[in-house]
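Let me begin by presenting the structure, written as structure tokens, before commenting on it.
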2 protein chains.
Amino acid sequence: MAAWAHSHGMDDHLDIVFAALADPTRRAILAMLLEDDMAVTDVAEPFEMSLAAISKHLGILTRAGLISQERHGRVKWCRLEPDALRDASVWMQSFGQFEAVNLDAFEKFLERELRDAPAD
Amino acid sequence: MAAWAHSHGMDDHLDIVFAALADPTRRAILAMLLEDDMAVTDVAEPFEMSLAAISKHLGILTRAGLISQERHGRVKWCRLEPDALRDASVWMQSFGQFEAVNLDAFEKFLERELRDAPAD
DNA sequence: GCCATATTCAACCGAAAGGTTGACGATATG
DNA sequence: CATATCGTCAACCTTTCGGTTGAATATGGC
């Protein structure tokens with residue numbers, strides 16, 4: 001089980017992951033990191049915005065668990081962490097394939113969603 | 001022009017879809033609509049917020065293509081539209097398969113060294 | 001026609017998102 | 001030591017988000 005599940009509900013984590021994915025700059029960053037790990041400055045280079053803005057985006061991606069950042073000297077390397085994306089992907093597939101046979105995972109998902117919803 | 005900049009039409013749509021999914025109320029609504037089509041008032045019933053707020057949420061889900069709304073008399077029925085979710089899921093799976101690409105660690109190491117090299 | 005019901009619209013509000021700039025701490029280099 | 005580079009922080013600004021309330025616009029039932 002993923003580390004974030006200990007301190008947050010799945011719901012909170014999905015909030016953060018989907019919000020992180022909702023920005024085109026951040027998705028472009030993920031696409032860049034798909035090819036290779038990169039330093040913060042190199043990530044920022046192709047974008048027409050300040051380094052501080054990119055640094056914020058990277059913080060958001062890190063908090064969402066979508067990337068990890070590791071410091072080596074004064075350079076901070078950014079690495080893609082596909083696990084969080086896989087989790088959200090699984091969530092979405094439970095909708096896209098709800099006609100299919102795999103109702104087990106979906107059943108558990110639905111239970112969780114309904115319990116977490118502001119009910120009665 | 002970078003390779004990741006190719007998908008421009010889809011990019012805007014992904015903005016809207018992921019932003020729509022980033023709210024727990026809206027995800028709960030999607031979960032409810034999995035079971036059955038519902039009228040707006042019935043969708044709003046379990047939530048502790050105004051009907052107008054739910055109406056806004058449904059508008060956002062509709063603009064994202066995640067649901068459709070059809071008016072019958074004075075009742076507006078909401079139906080899940082899993083296609084948009086499937087699209088976003090496909091986008092995410094391309095990242096989930098990151099490991100399948102099996103990038104060579106040595107190659108990454110080499111590129112890192114070259115980028116760090118003070119020569120030129 | 002009259003009234004209740006279903007849904008949206010418009011105006012407003014506080015908080016959060018996404019950007020800027022300038023200063024700053026830390027690290028490498030000469 | 002001096003200086004350039006890497007990255008973040010703090011303060012600020014504007015726009016968007018998520019919610020409220022009250023009025024408005026159908027539509028259905030009697």
Side-chain angles (χ1 to χ4, degrees), chain A residues 11-30 32-33 37-64 66-79 116-118, chain B residues 11-30 32-33 37-64 66-79 112-120:
Chain A
D11 233 48
D12 299 336
H13 186 245
L14 286 176
D15 285 4
I16 297 172
V17 171
F18 282 130
L21 293 176
D23 185 276
T25 299
R26 289 193 289 264
R27 289 198 307 278
I29 290 174
L30 292 180
M32 292 164 65
L33 292 178
D37 298 358
M38 296 178 80
V40 173
T41 304
D42 294 332
V43 169
E45 193 270 335
F47 296 98
E48 286 178 353
M49 72 180 69
S50 69
L51 183 61
I54 296 296
S55 181
K56 276 190 190 178
H57 281 306
L58 291 172
I60 291 170
L61 290 171
T62 300
R63 256 166 268 127
L66 293 166
I67 68 170
S68 62
Q69 292 181 291
E70 189 183 351
R71 250 187 111 140
H72 276 293
R74 65 181 168 179
V75 177
K76 207 167 184 180
W77 290 94
C78 306
R79 166 184 321 232
D116 284 349
Chain B
D11 231 45
D12 300 340
H13 187 241
L14 285 176
D15 285 5
I16 298 173
V17 171
F18 282 130
L21 293 175
D23 185 276
T25 300
R26 289 194 287 266
R27 289 199 307 276
I29 290 174
L30 292 179
M32 293 164 64
L33 292 178
D37 297 358
M38 296 179 80
V40 173
T41 305
D42 295 332
V43 169
E45 194 270 335
F47 296 98
E48 286 176 354
M49 72 179 70
S50 70
L51 185 60
I54 296 295
S55 181
K56 277 190 189 179
H57 281 304
L58 291 171
I60 290 170
L61 289 171
T62 300
R63 255 167 269 129
L66 292 166
I67 68 171
S68 61
Q69 291 181 292
E70 190 182 351
R71 189 142 203 154
H72 275 294
R74 63 181 168 176
V75 177
K76 207 167 185 180
W77 290 94
C78 306
R79 164 180 328 214
R112 203 174 305 164
E113 287 299 300
L114 290 177
R115 188 169 33 235
D116 257 355
D120 109 312

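Here is the naming used below: chain letters follow the sequence lines, and residue numbers restart at 1 for every chain.
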Under a 4.5 Å cut-off applied to non-hydrogen side-chain atoms, are [X] and [Y] in contact?
X     : Y     : value
B/W77 : B/H72 : yes
B/D23 : B/I60 : no
A/M32 : A/F47 : yes
B/L21 : B/L30 : yes

List in chain and number order the residues that pass salt bridge (charged side-chain N to carboxylate O under 4.0 Å, His left out) with B/R63, two or more places apart in sequence or in another chain; answer none if no residue qualifies.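 By the salt bridge (charged side-chain N to carboxylate O under 4.0 Å, His left out) rule, B/R63 matches no residue at all.
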Tell me, please, which residues at least two apart from B/D42 pass salt bridge (charged side-chain N to carboxylate O under 4.0 Å, His left out). none
Counterpart residues, side chain to side chain contact (heavy atoms under 4.5 Å, CB included), relative to B/R79 (two or more places apart):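 Listed in chain order: B/D37, B/S68, B/E70, B/E81.
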Assign a letter to each nucleotide of nucleotides 13-19 of chain C from its 5' end: B, base within under 4.0 Å of a protein heavy atom; S, sugar-phosphate only; -, no contact. -----SB
If a protein heavy atom is under 4.0 Å from the base, mark B; if only from the sugar-phosphate, S; if neither, -; do that for nucleotides 22-30 of chain D going 5' to 3'. -----BS--
Quickly work out the [X] [atom1] to [N] [atom2] distance and round it to whole Å.
X     : N      : atom1 : atom2 : value
B/I29 : C/dT7  : CD1   : P     : 13 Å
B/K76 : C/dT5  : NZ    : C1'   : 16 Å
B/E45 : C/dA6  : CD    : P     : 12 Å
B/L61 : D/dC17 : CG    : P     : 13 Å
B/F47 : D/dG19 : CZ    : P     : 10 Å
B/D15 : D/dT15 : CG    : C1'   : 15 Å
A/L51 : C/dA23 : CG    : P     : 17 Å
B/I54 : C/dC9  : CD1   : P     : 16 Å

So which atom in B/A20 and which in B/L61 form the shortest heavy-atom distance, rounded to 0.1 Å? CB-CD2, 4.3 Å
List, one per line, each side-chain donor-acceptor pair under 3.5 Å for residues 51-58 of chain B, sequence neighbours excluded.
| residue | atom | partner | partner atom | Å |
| --- | --- | --- | --- | --- |
| B/H57 | ND1 | B/R26 | NH1 | 3.1 |

